[in-house]
Each structure stands twice: as structure tokens, then as C-alpha cells.
Trainee: 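Can you read through this structure? Questions will come right after.
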Amino acid sequence: MGLKLYNTLARAKEEFEPLQGRRVKMFVCGITPYDHTHIGHARTYVAFDVIARYLRHRGYSLFYLQNVTDVDDRILTRAPEVDIPWDDLGDEYLADYLKTMEALGVTSVNLYAKATDYIPEIIEQVEGLLAGDYAYQVDGDVFYQISSFQDYGKLSRVKLEKLRSGARVEVDKRKRNPQDFALWKSRKPGEPHWDSPWGAGRPGWHIEDTAISVTHFGPQYDIHGAGNDLIFPHHEAEIAQAEAFTGRKPFVKYWMHTGFVVIKGERMGKSLGNIIPVKEVLERYDPEVLRFFLVYTQYRSPIDFTYEALEEARRAYGRITEALERARAELSEAREERGDGDEELRGAIASASSDFFEAMDDDFNTRDALAALFSLTTTFRVDLDRGLSAGSLREFLDAFETYGTILGLFRGVAAPSVDLIDGLIGLLLRLREDARRGGDYEASDRIRKELTKLGVRLEDTSKGPRWRLP
RNA sequence: GCCGGGGUGACAGAGUGGCUCAUGUGACCGACUGCAGAUCGGUUUUAUGGGGGUUCGAUUCCCUCCCCUGGCACCA
């Protein structure tokens, strides 16, 4: 059974065959750090995190590269507004992004590459494009001449003559064609700049991705991903740049795009003022619940974000984690001899795993994969009442360990947090104090004795009870 | 205008040319229960936007219409 993925270039699911054996190179367009990380970012990067984890689970040796657009119009516009140097602003929001990703369990990225660390490579590509007559210089600016690239539009399937130029952005009059895009922008007062053969300036938006990816991956690689808003013009521009610069095509074998997060059916956007920062969600919900909510929908489908939907996800997720907690609790007291539910549970684990991997193989269908896990937990609960041996409980938990590693979920179930232990023991101590004050020394001694049996040492001091673990 | 994505039960959301059933949430009934919660069983449920075609058979394939939604030059 092979792994299939939806390739935007083909507008169809294709069998996944890496260019080089089992080695896979994946590039995903990262963020422009100029504001808080929002749930749209979370969606896309959690989706690719699952994809990366699954590819690795499938035995591929994956290098996952993500860029960071740390010099860009939006940063340069924002910085003076908040009166912070542009590079500090970028650092601040990059840190915010990385922290958010950590909270969400996004651990699969091998390298975050900042655009400003690749200025020489960017200049080299612009020079190459000028030399090949794919670009032209006007004053200190360099533009890509799209009429020189025959394949322009092959990813997005746009026809140049059908475009409404300037629908949202003013067209620079110096361009030979309104669709031409900037490779290099000349220095403007107060803006950061680097020396180049065309004078001081900074890179255009699209060129950093090709400079970074060609530097690390060479002229061709396997997977390029991003939100579907970047298909046009960004990815179209990347293809034009890379294929013209290297002379090799296709630049990327599989293009993968995530669906958008929408709010009440509408796209999330600055202009609509309906952007939801991840920070805001995490004030109310566990990061793992947010991750589950995102994984609960297949990566290409749009997600309508509402707190009601998040609440539903929380309940649904609780159904699984509750079962896992129960299994873990039962395991500590379970016996090795066979239980009446063993056979059925083992069969259910096998068929759930088969369904799970089949769903994941089909373009990473996490929704369908999760359906198999929900069914498995229901069977588990029924079988638990019939009786389960320690062996089958372990098999059940091991299976979820595997699913959890792939989906980046069920992490909190593995070990109770320090905070929780702290709270629980604190609660027992307060109950014991109440008992002591009420003269019920039988109860208070029993609490101390039981805690001691669990390895919690308890000492009464003049400042109240103190406890420590062995 | 051009290029995309999508309409499935009360809601969210998979899959499938025929098969008992996606899955989850909600509501209701029953079981369990000191209370609460969790859980189990059942119901809501003859679910596939309208019309036409292909077919023995269409939710699935084709045509058409309607509706929602994204992109159209610096947005994950």
C-alpha cells in the first residue's frame, strides 16, 4: 500500500515517490514576524507537522526546512508604528511564533532559515536571472519579466490576460508588465539595506524562498507546502525564478496547500479585524486541545473557528484521553492472566491500526484516522468491563503511543504534570489538617501512612506540613 | 470577468457505483449511580443542494442550474 498525496500541480492525488530513494526534502513557507501568531498559522504548521511526523514514521528520512521572512514591507511598515527597530520587532514575533509552535507540539522542523542570512545567495540568483534575460533593472530595482517564462501560471492555472491587475495593490508604473514582480528593491530612507550590484537595497518577497531552498536542497526537491493563499502569486513566482535560474524543471515535485481557517464562514484577515491570536485561545484551552481541534479536520478542508467548535473538540478529545487514563490506571493493578475482553480488544487494535494507517496513507486524512481511534476506545471500554489482562492493556497503550507520536497528541496522558502532583498532594494535606483539627487522628494518620506507602514523605513542622518525594 | 474549493443527518465532518454501521458533538429515553461526572445501550437518522443523463442500480460518474466560499500581484 502506497502513500498518496494531493498535488496542487496535478489537481489530483498522486502516489508519493521521492526523487531520491527514501530521502525527502520538504520546504514550507514560514511566517513574516510582524504580529502575533494566529490560528491560521497554527493550522498550517500543525498540518505540516503531522505530515512530517507521518513521513518519518513511514521510514522516510525527511529534512523539513522552513523560511522566516524577516525583512519585508509589513515589518517595515509596522516597526515605526510601534516605535521598535524593525529587526527587534522581527525577533520579538519570531520568538512568539517559536514559543507558540512549541506549545502546540510542532517539533518536526529541522531548520528555520531567515531571509537576511541568505542575502549573498539572493543576489546570486538575481544576477543569474538578469544574465538569462528573465529580469530587468529599472533604477535600483530589479523586476522579473514574466513574459520571458513560458510556464508561468502552471500551478495556479491563471491566464495572464484574464487577471485583474491592480485589484488590490497599486501597480508600479515602471514595470514593463503589471504582472512583473520585484526581485530586488532599492533602498528607501530609513529602511534596512544591503549592498548589491544594483546599489543598496533589499530582496523582494519571492526570491528568498528560492534562494534558501536551492541553497539547501539544490535545483529540485520533493515537497513544497504552505497555506493555499500562497499558490498565487507567491508559488507561481517561485517556480518562475527557480526554473529559470537553475534551468531544471520541475522545481518541486509535489505542491501541498492547507485550507484556510475561517471565522463564521469568512476568511480571517487584518482588514476584517477578525484575526484570532493563538495566545488568546491558549488562555482558555489546553494547547493539546487546540492541536486536536486542528488535526480533527483534514488539512485541505477549511476550518470554521468558533469557541463552540473548540468546545466540541475538547469533549471529543476527552473521550480518548479519558480512556487512556483509565487504561493506565487499570494497568497498575491488572494481572497478567488473560481476561475475557483480551481477544476482542486485540482484534480491535489490529483493525483500528489498519484503518488508521490506511486513512493517513490517503493524503493524510486525519479526520478519518481519528474515527478509527474513537471506535477503538469504545471497544476498549466495553472490553475493560469484561476484563483485560496487563498484556492487552499494554498493547492498547502502545498503539496509542504510536498514534500519538504521529499526530502529536495524547502527550499529557503519558505523565501527570508537576503542577497536578503538587495540587493533589496539597489537597490531601488540607484534608488531613481538617481531620487533625477536628480531632479525627485516625483519618489523618491514615492519610500520612498511605502517602508514605506511595513514597511521599510527610513532616509536620511549626509552619505547617511539608512534603517531599523520595 | 477569469481561475480554484465546497454543498452529506439537529450540528461538525469522512468515505463509498450496490453491502448492518463512518466518526464526533448535541438532544431525548433507558442502564449504572449517595450526588456529580464518566461510561454503556437505544432514539433523533429511509443524511447525501435542485433538475436531467449514463447504469440493472447514482450520494458516488457526466451535464446543467442554484447557493456558500477563496485567489486575481508582496496573505499561513
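Below, all heavy atoms of this structure are taken into account, side chains as well, without hydrogens, waters or symmetry copies. Protein chains get the first letters and strands the later ones, always in sequence-line order, with residue 1 at the start of each.
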Trainee: Any luck finding a side-chain donor-acceptor pair between A:H257 and A:H235 under 3.5 Å?
Mentor: yes

Trainee: Between A:A237 and A:R157, name the one whose nearest nucleotide on RNA chain B is closer to the 5' end.
Mentor: A:R157

Trainee: Using a 4.0 Å heavy-atom cut-off, does A:A182 contact any base of the nucleic acid, only the sugar-phosphate backbone, or nothing at all?
Mentor: base

Trainee: Between B:G15, B:C11, B:A73, which nucleotide has the shortest distance from any of its atoms to the side chain of A:I146?
Mentor: B:A73

Trainee: Rounded to the nearest Å, what distance is computed from the CZ atom of residue A:F374 to the P atom of nucleotide B:A12?
Mentor: 17 Å

Trainee: Using the C1' atom in both, what is the distance from B:C66 to B:G51, to the nearest Å?
Mentor: 10 Å

Trainee: Which of the following nucleotides, B:U25, B:A73, B:A76, is nearest to the side chain of A:K175?
Mentor: B:A73

Trainee: Indicate the ring-plane relationship of A:Y307 and A:F305, choosing parallel, tilted or perpendicular according to the 30° and 60° boundaries.
Mentor: perpendicular

Trainee: Ignoring hydrogens and geometry beyond distance, is the side chain of A:Y299 in donor-acceptor contact with the base of B:A14 at under 3.5 Å?
Mentor: no

Trainee: Determine which nucleotide pairs with B:U39, using a 3.5 Å limit on both distances of a Watson-Crick or G-U wobble pair.
Mentor: B:A31

Trainee: Indicate, with a heavy-atom threshold strictly under 4.0 Å, whether A:V262 touches base, sugar-phosphate, or nothing.
Mentor: nothing

Trainee: Searching all strands shown, indicate the nucleotide that pairs with B:G26 (Watson-Crick or G-U wobble; both distances under 3.5 Å).
Mentor: B:U44

Trainee: Rounded to the nearest angstrom, tell me the gap between atom CD in A:Q298 and atom P in B:G15.
Mentor: 7 Å

Trainee: Taking atom P in both B:C21 and B:G42, compute the distance separating them and give it to the nearest angstrom.
Mentor: 13 Å

Trainee: What contact category does A:N365 fall into here, base, sugar-phosphate, or nothing, at under 4.0 angstrom with non-hydrogen atoms?
Mentor: sugar-phosphate

Trainee: Is any side-chain heavy atom of A:H224 closer than 4.5 Å to one of A:S213?
Mentor: no

Trainee: Would you please indicate if the ring centroids of A:Y221 and A:F251 are separated by under 6.0 Å?
Mentor: yes

Trainee: Which one, B:A22, B:U23, B:A76, comes nearest to the side chain of A:T32?
Mentor: B:A76

Trainee: Using Watson-Crick or G-U wobble geometry with both distances below 3.5 Å, tell me the partner of B:G17, or none.
Mentor: none

Trainee: Quick one: look up who B:G4 pairs with, Watson-Crick or G-U, both distances under 3.5 Å, and put none if it's unpaired.
Mentor: B:U69

Trainee: Using the C1' atom on both, measure B:G49 against B:U33 and round to a whole Å.
Mentor: 46 Å

Trainee: On RNA chain B, does the nearest nucleotide to A:R367 precede the nearest nucleotide to A:R300 from the 5' side, or the other way round? Give the residue.
Mentor: A:R300

Trainee: Roughly how far apart, to the nearest Å, are B:U59 and B:G6 at atom C1'?
Mentor: 15 Å

Trainee: Just wondering, are more than 12 heavy atoms of other shown residues or ligands nearer than 6.0 Å to NZ in A:K279?
Mentor: no

Trainee: Does the ring center of A:Y254 lie less than 6.0 Å from the ring center of A:Y6?
Mentor: no

Trainee: Could you state the CG-C1' distance from A:L370 to B:A12, rounded to the nearest angstrom?
Mentor: 14 Å

Trainee: Measuring only the C1' atom in each nucleotide, how far is B:G13 from B:G34? A whole number of Å is fine.
Mentor: 40 Å

Trainee: Output the rounded distance in Å from CD1 (A:I275) to C1' (B:A76).
Mentor: 11 Å

Trainee: Which residue, A:F410, A:Y54, A:F396, A:F356, forms the ring pair (Phe, Tyr, Trp, His ring centres under 6.0 Å) with A:Y403?
Mentor: A:F356

Trainee: Using nucleotides 37-39 of chain B, report all nitrogen or oxygen pairs with the protein that are shorter than 3.5 Å.
Mentor:
| from | atom 1 | to | atom 2 | distance (Å) |
| --- | --- | --- | --- | --- |
| B:A38 | O2' | A:E322 | OE1 | 2.7 |
| B:A38 | O2' | A:E322 | OE2 | 3.0 |
| B:U39 | OP1 | A:R319 | NH1 | 3.4 |
| B:U39 | O3' | A:R381 | NE | 2.9 |

Trainee: Please give the distance between the P atoms of B:C19 and B:A47 as a whole number of Å.
Mentor: 12 Å

Trainee: Any base atoms under 4.0 Å from A:F260, or only sugar-phosphate, or nothing? Heavy atoms, all strands.
Mentor: base

Trainee: Just to verify, which of A:W184, A:F143, A:Y136 counts as forming a ring pair (Phe, Tyr, Trp, His ring centres under 6.0 Å) with A:W198?
Mentor: A:W184

Trainee: With a 6.0 Å cut-off on the ring centroids, do A:H36 and A:Y93 count as close?
Mentor: yes

Trainee: What distance, rounded to whole Å, do you find between the two C1' atoms, one in B:A76 and one in B:C32?
Mentor: 48 Å

Trainee: NA contact type, A:A226, heavy-atom cut-off 4.0 Å: base, sugar-phosphate, or nothing?
Mentor: sugar-phosphate

Trainee: Within the structure shown, what part of the strands sits under 4.0 Å from A:S301 by heavy-atom distance: base, sugar-phosphate, or nothing?
Mentor: sugar-phosphate

Trainee: State whether the number of non-hydrogen atoms from other residues, nucleotides or ligands found under 6.0 Å of A:Q150 atom CD is greater than 12.
Mentor: no

Trainee: Quickly work out the A:Y296 OH to B:A12 C1' distance and round it to whole Å.
Mentor: 7 Å

Trainee: With a sphere of 6.0 Å drawn around NZ of A:K4, does it hold more than 12 non-hydrogen atoms of other residues, nucleotides or ligands?
Mentor: no

Trainee: In whole angstrom, give the distance that lies between atom CD1 of A:I223 and atom C1' of B:A76.
Mentor: 17 Å

Trainee: What's the closest nucleotide to the side chain of A:P233 if the choices are B:A76, B:A73, B:G24?
Mentor: B:A73

Trainee: Looking for any heavy atom pair under 4.0 Å, which part of the strands does A:G153 touch: base, sugar-phosphate only, or nothing?
Mentor: nothing

Trainee: Looking for any heavy atom pair under 4.0 Å, which part of the strands does A:R74 touch: base, sugar-phosphate only, or nothing?
Mentor: sugar-phosphate

Trainee: What is the distance, to the nearest angstrom, from the CZ atom on A:F305 to the P atom on B:G70?
Mentor: 18 Å

Trainee: Pick the C1' atom in B:A58 and in B:U54, then give their distance to the nearest Å.
Mentor: 10 Å

Trainee: To the nearest Å, give me how far apart CD1 (A:I263) and P (B:U69) are.
Mentor: 14 Å

Trainee: Of all the nucleotides listed (B:A22, B:A76, B:G24), which has the minimum atom distance to the side chain of A:A316?
Mentor: B:G24

Trainee: It should be established whether A:N228 places a side-chain nitrogen or oxygen under 4.0 Å from OP1 or OP2 of nucleotide B:G5.
Mentor: no

Trainee: Out of B:U23, B:A76, B:A73, which has the shortest distance to the side chain of A:F181?
Mentor: B:A73

Trainee: Look at all strands and tell whether A:H234 reaches a base, only sugar-phosphate, or nothing, counting heavy atoms closer than 4.0 Å.
Mentor: nothing

Trainee: Taking atom CZ of A:R446 as the centre, report whether more than 12 heavy atoms of other residues, nucleotides or ligands fall under 6.0 Å from it.
Mentor: no

Trainee: So does A:D72 pair up with A:R202, basic N to acidic O under 4.0 Å?
Mentor: no

Trainee: Pairs under 3.5 angstrom, nitrogen or oxygen only, protein versus nucleotides 59-64 of chain B, please.
Mentor:
none

